[in-house]
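To start, the structure itself, in structure tokens.
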Protein chains: 2
Amino acid sequence: MTAASRPDHPRLRRTAGDRRAQLVQIGLELLPTTPVQELTIDEVARRAGISRSLLFHYFATKRDYYTAVTRAAADLLWEHLLPAPGTPPDQQVTGMLDRYVGWVETFPESHLAFVRGAGGGDPWVSEVYEEMRARLVELALSALELPDDARRRQLVLAWFAFTEDLVGQWVQEPTMTRDELLELLRDVLARLTDR
Amino acid sequence: MTAASRPDHPRLRRTAGDRRAQLVQIGLELLPTTPVQELTIDEVARRAGISRSLLFHYFATKRDYYTAVTRAAADLLWEHLLPAPGTPPDQQVTGMLDRYVGWVETFPESHLAFVRGAGGGDPWVSEVYEEMRARLVELALSALELPDDARRRQLVLAWFAFTEDLVGQWVQEPTMTRDELLELLRDVLARLTDR
DNA sequence: CCGGCTTGCTGAGCAACGCTCAACAAGCTA
DNA sequence: TAGCTTGTTGAGCGTTGCTCAGCAAGCCGG
């Protein structure tokens, strides 16, 4: 149907890297609108204008492909959250929170899909998510200049769940100002990690 | 393989209600060990000793079946959490929290599967979960004798996410005593709803 | 221009799964 | 025994994840 699926030149050859990047990119575009498990290889191949077989040449299994797409999404978020080098520690967490809310505001359905796909579906996919969460906890605790014992790590992880849920709801129905939201989240984290 | 799949009597006939209950029961047993989307109709039918076709006679679609199973699981949890009639309001939330932790302690993987399946996979399935959460919020706010405006509802819902995450982690690696956990959760909820 | 090599790429096809449909048969009643 | 209701089945269709043998685009040495 699209020009891509019936190109003027009978066959277009790409380098392996280009093709991989294109396929992951298509996955990133499809992810927000399509529940992870409903995304078919056929659809991706059709959008890329290639055969199903080629997709399996680059990603041995559907799971591999989804994992790669999820990892790409996680990397984008991670880079967006990472504080600029030289930021004083006491501002790092506040800045990350602010950027996180901004991210959810900008791509609400994309973020929802990411969180859902990560928490719910495939164990391999959720592993990517857990890995990023673990890295974020490390980052947060070092920014707060607190030792990261097991207890505190648990509390910060649970606070992530709290934050994700609340920000997700708040974007849909703002029951307070943006600043109030940020202050509340910051405050809950402080109280949790203080003791 | 099993006796059920090749019974002595060539065919066993059940009432519609019995069969439905049996199929839902099988789903409940399978749910903890099997990711929702990996559970196949074939497997359920095989365990019940019936043909696939019969399952589709009772549940028009796979989604319908999963929804029914999830609803059954939600009902079990709901009944377990519900305070005994006559409980004074100030003890209701504490009691529910206590029973919730007990539930997760007793069926850790079952609860994990429920939360994951609910948050992640199918929208229809997660709807069952959201419905129960909404009912729980109502219950909690009335027990706390607080008006349930939109803001408070959001905060309690987010606190659920916090609680689920923390209790799930704590069961795997107890970093505090059970009483400390309960007190912490209770305290966070109080602070959140106070303002 | 040509033979040969690498490698991106395809089409046919298989197995598993969700789902349909026409028909069989168990158990009851007249 | 005939007949009705309804629980139950097997054959089969379309889709989807995945495999495999082989085609052909682009580059090379001659």
Side-chain angles (χ1 to χ4, degrees), chain A residues 1-2 4-27 30 34-70 117 121-125, chain B residues 1-27 30 34-70 121-125:
Chain A
M1 321 313 176
T2 67
S5 63
R6 243 183 294 153
D8 299 335
H9 304 283
R11 220 181 286 178
L12 191 66
R13 223 180 142 108
R14 297 204 188 191
T15 68
D18 276 4
R19 191 59 91 185
R20 264 190 89 98
Q22 180 206 15
L23 293 173
V24 169
Q25 182 58 35
I26 288 175
L30 248 36
T34 319
V36 184
Q37 286 288 357
E38 284 181 26
L39 178 53
T40 80
I41 292 292
D42 259 23
E43 174 68 11
V44 177
R46 207 179 51 73
R47 294 216 176 202
I50 60 172
S51 63
R52 269 156 294 157
S53 318
L54 188 57
L55 209 153
F56 285 107
H57 176 68
Y58 290 106
F59 303 94
T61 185
K62 190 186 175 181
R63 190 178 300 215
D64 281 354
Y65 176 63
Y66 285 156
T67 307
V69 172
T70 305
D122 193 280
W124 291 37
V125 172
Chain B
M1 326 308 180
T2 67
S5 65
R6 244 182 294 153
D8 299 335
H9 304 283
R11 217 179 291 176
L12 191 68
R13 221 182 144 107
R14 297 205 187 191
T15 68
D18 277 3
R19 192 58 92 186
R20 264 190 90 98
Q22 180 205 17
L23 293 173
V24 168
Q25 182 58 36
I26 289 175
L30 246 39
T34 318
V36 185
Q37 286 289 359
E38 283 182 25
L39 179 51
T40 80
I41 292 290
D42 259 23
E43 173 69 10
V44 177
R46 208 180 51 73
R47 295 215 175 203
I50 60 171
S51 64
R52 268 155 295 155
S53 317
L54 189 56
L55 208 150
F56 284 107
H57 176 68
Y58 289 107
F59 303 94
T61 186
K62 190 187 177 183
R63 189 177 298 211
D64 281 353
Y65 176 63
Y66 285 155
T67 306
V69 172
T70 306
D122 192 280
W124 290 39
V125 173

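All chains are named by letter (A, B, ...) in the order of the sequence lines, taking the proteins before the strands, and each is independently numbered beginning at 1. Values below: every heavy atom of this structure, side chains too, minus hydrogens, waters and symmetry copies.
- The CZ atom of B:Arg63 sits 14 Å away from the C1' atom of C:dC19 (whole-angstrom rounding).
- Under the salt bridge (charged side-chain N to carboxylate O under 4.0 Å, His left out) criterion, B:Arg52 pairs with B:Asp42, not counting sequence neighbours.
- To the nearest angstrom, C1' of D:dC18 lies 14 Å from CG of A:Leu54.
- Residues passing the side-chain hydrogen bond (donor to acceptor under 3.5 Å, both in side chains) test with A:Gln22, sequence neighbours excluded: A:Arg19.
- Going from atom CZ of A:Phe59 over to atom P of D:dT16 covers 20 Å, rounded to whole Å.
- In this entry the distance linking CD of A:Glu43 with P of D:dG17 reads 11 Å, nearest Å.
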N/O contacts under 3.5 Å, protein versus nucleotides 12-18 of chain C?
| unit_1 | atom_1 | unit_2 | atom_2 | d |
| --- | --- | --- | --- | --- |
| C:dG18 | OP1 | B:Lys62 | NZ | 2.8 |
| C:dG18 | OP2 | B:Ile41 | N | 3.2 |

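- In this structure, A:Glu43 CD and A:Thr34 OG1 are separated by 7.0 Å, a value rounded to the nearest 0.5 Å.
- Annotation: side chain of B:Leu23 is in contact with side chain of B:Ile50 (closest heavy-atom distance under 4.5 Å).
- Considering only residues two or more places apart in sequence or on other chains, A:Arg14 meets the salt bridge (charged side-chain N to carboxylate O under 4.0 Å, His left out) condition with none of them.
- What separates CZ of A:Arg14 from P of C:dT6 is a distance of 25 Å, to the nearest Å.
- Put simply, A:Tyr58 has a side-chain N or O that comes within less than 4.0 Å of OP1 or OP2 on C:dC9.
- A search for side-chain hydrogen bond (donor to acceptor under 3.5 Å, both in side chains) contacts involving A:Tyr65 returns nothing, not counting sequence neighbours.
- With hydrogens and angles left out, the side chain of B:Arg13 and the base of D:dT8 share no donor-acceptor pair within 3.5 Å.
- Taking B:Tyr66 as the reference, B:Val36, B:Leu39, B:Lys62, B:Val125 meet the side chain to side chain contact (heavy atoms under 4.5 Å, CB included) condition, with sequence neighbours excluded.
- To the nearest angstrom, P of D:dT16 lies 11 Å from CZ of A:Arg46.
- Evaluation of the side chain to side chain contact (heavy atoms under 4.5 Å, CB included) rule for B:Arg63 yields A:Glu38, B:Thr61, B:Thr67, B:Asp122, B:Trp124 as partners, not counting sequence neighbours.
- Looking at residues 16-25 of chain A, you'll see that no heavy atom sits under 4.0 Å from any atom of DNA chain D.
- Rounded to whole Å, atom P of D:dT9 lies 11 Å from atom CG of B:Leu55.
- Nucleotide C:dT10 holds its C1' atom 11 Å from the CD1 atom of A:Ile50, rounded to whole Å.
- Residues passing the side-chain hydrogen bond (donor to acceptor under 3.5 Å, both in side chains) test with A:Gln25 are A:Glu29, sequence neighbours excluded.
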